[in-house]
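Working notes for the structure below.
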Amino acid sequence: MKTLTILINSSPYSMETTKTAMEVAQTANDKGYNVKVYLYVDGTWLPHIKRGIEGPFKDMLENALNSGIEITSCARCAEMREAVDEDILDGIPLVGLFTLTNYIDESNTVLTFR
Amino acid sequence: MALLEVFVNDPPGEKCTQLMKNVKKFVSNHQEHDFKHYKQGSNVSKFLNIDSAPSILVNRKILLNGVASYEGIQKLIEDSKPEEIGFVLTRSPGNNEYRVIEEILASPFGTFDSHNFFLLNDGVWVARTNSPIHEYITDTLQNVKFFCIDEYLSEAGIMKKELREGTEIINLGRFVDQIMVCDRTISL
């Protein structure tokens with residue numbers, strides 16, 4: 001099975017690319033690809049329960065997790081935005097950059113959305 | 001289909017004969033490939049800078065000096081298959097990202113056998129009739145295709161008749177399938 005990694009660098013409401021990135025992830029998963037999403041820099045706002053998750057992104061993230069998409073978020077970026085584990089939606093661990101390098105290593109294609 | 005060009009000495013020595021034998025056997029089992037042979041020192045070999053024989057040139061991309069085995073020929077064909085790059089553009093043409101595109105296209109990194117531009121979000125403006133970046137890309141590169149994702153086209157309020165000729169409108173599912181088969185991708 002081919003693997004697609006999506007790197008999201010933009011915050012949920014600054015650019016529509018965040019929504020597009022999640023749509024691409026879901027579409028790829030529905031088509032049978034193995035999909036991994038890494039939230040980086042402002043992308044770490046996306047699963048923030050108090051500041052990012054409200055609105056359409058909550059459903060998007062929950063659907064993605066339920067359908068087997070692996071989503072992780074950069075711990076350092078989240079920390080710089082004063083987000084701790086409790087602020088982040090369940091199922092999305094805060095991880096290091098090594099996870100991203102592993103994703104890239106395992107992937108056939110990497111797409112970045114800024 | 002691959003183009004196999006073999007260069008041999010005249011008269012052919014043992015190695016040249018062996019290479020010809022291997023290639024003929026390969027082509028007889030794989031008739032979809034095109035096979036040509038030339039004498040070393042012929043106009044074609046001079047044009048292609050082939051300076052030793054026996055040699056085999058595949059798709060005018062990979063040159064092997066010496067005798068290629070049957071399996072070796074198969075490997076050369078696989079290694080010389082055309083490479084495809086996919087650019088994923090999400091910003092409108094006025095953005096600074098397009099200066100990066102110009103730099104990439106001006107470098108060897110930007111030259112592939114096939115160049116696909118996938119236009120998402122405001123990237124769809126690139127395919128509109130009056131877009132100078134479209135002209136720049138098509139003037140700079142060979143084998144260029146533009147793909148607009150239907151939903152973003154609607155969101156931008158651009159009609160099909162406003163698009164440059166040859167622009168293909170696809171859905172998100174086809175975008176995913178196409179991007180997964182590209183050898184390289186660049187998202188801007």
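Below, chain A is the first sequence line, B the second, and so on; all start at residue 1. Computation of the quantities below employed the complete heavy-atom set of this structure, encompassing side-chain atoms and omitting hydrogens, waters and symmetry-equivalent molecules.
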Which value, rounded to the nearest 0.5 Å, describes the distance between E16(A) atom CD and E155(B) atom CD?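 That separation rounds to 6.0 Å.
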Can you tell me how far the OH atom of Y152(B) sits from the OG1 atom of T20(A), to the nearest 0.5 Å?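 Between atom OH of Y152(B) and atom OG1 of T20(A) there are 3.5 Å.
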Neighbours of chain B found in residues 107-114 of chain A - heavy atoms under 4.5 Å: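 The list, in residue order, reads N108(A), T109(A), V110(A), L111(A), T112(A), F113(A), R114(A).
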Residue D177(B) versus chain A: region with a heavy atom under 4.5 Å: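 For D177(B), the contact with chain A is made by backbone and side chain together.
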With a 4.5 Å cut-off on side-chain heavy-atom distances among I, L, V, M, F, W and Y, is there a chain of contacts connecting [X] to [Y]?
X: I77(B); Y: F7(B); result: no
X: Y40(A); Y: I186(B); result: no
X: I88(A); Y: M60(A); result: yes
X: V176(B); Y: Y38(A); result: no

Proximity of [range] to chain A, residues having a non-hydrogen atom under 4.5 angstrom:
range: residues 20-53 of chain B; value: none
range: residues 117-138 of chain B; value: L120(B), N121(B), D122(B)
range: residues 63-73 of chain B; value: none

Main-chain N/O of M180(B) paired to K2(A) side chain as donor or acceptor, under 3.5 Å: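 Confirmed, K2(A) side chain pairs with M180(B) backbone.
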Do E151(B) and E23(A) touch side chain to side chain, with heavy atoms closer than 4.5 Å?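 Yes, their side chains come closer than 4.5 Å.
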More than 12 heavy atoms of other residues, nucleotides or ligands under 6.0 Å from NZ of K145(B): yes or no?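 No, not enclosed.
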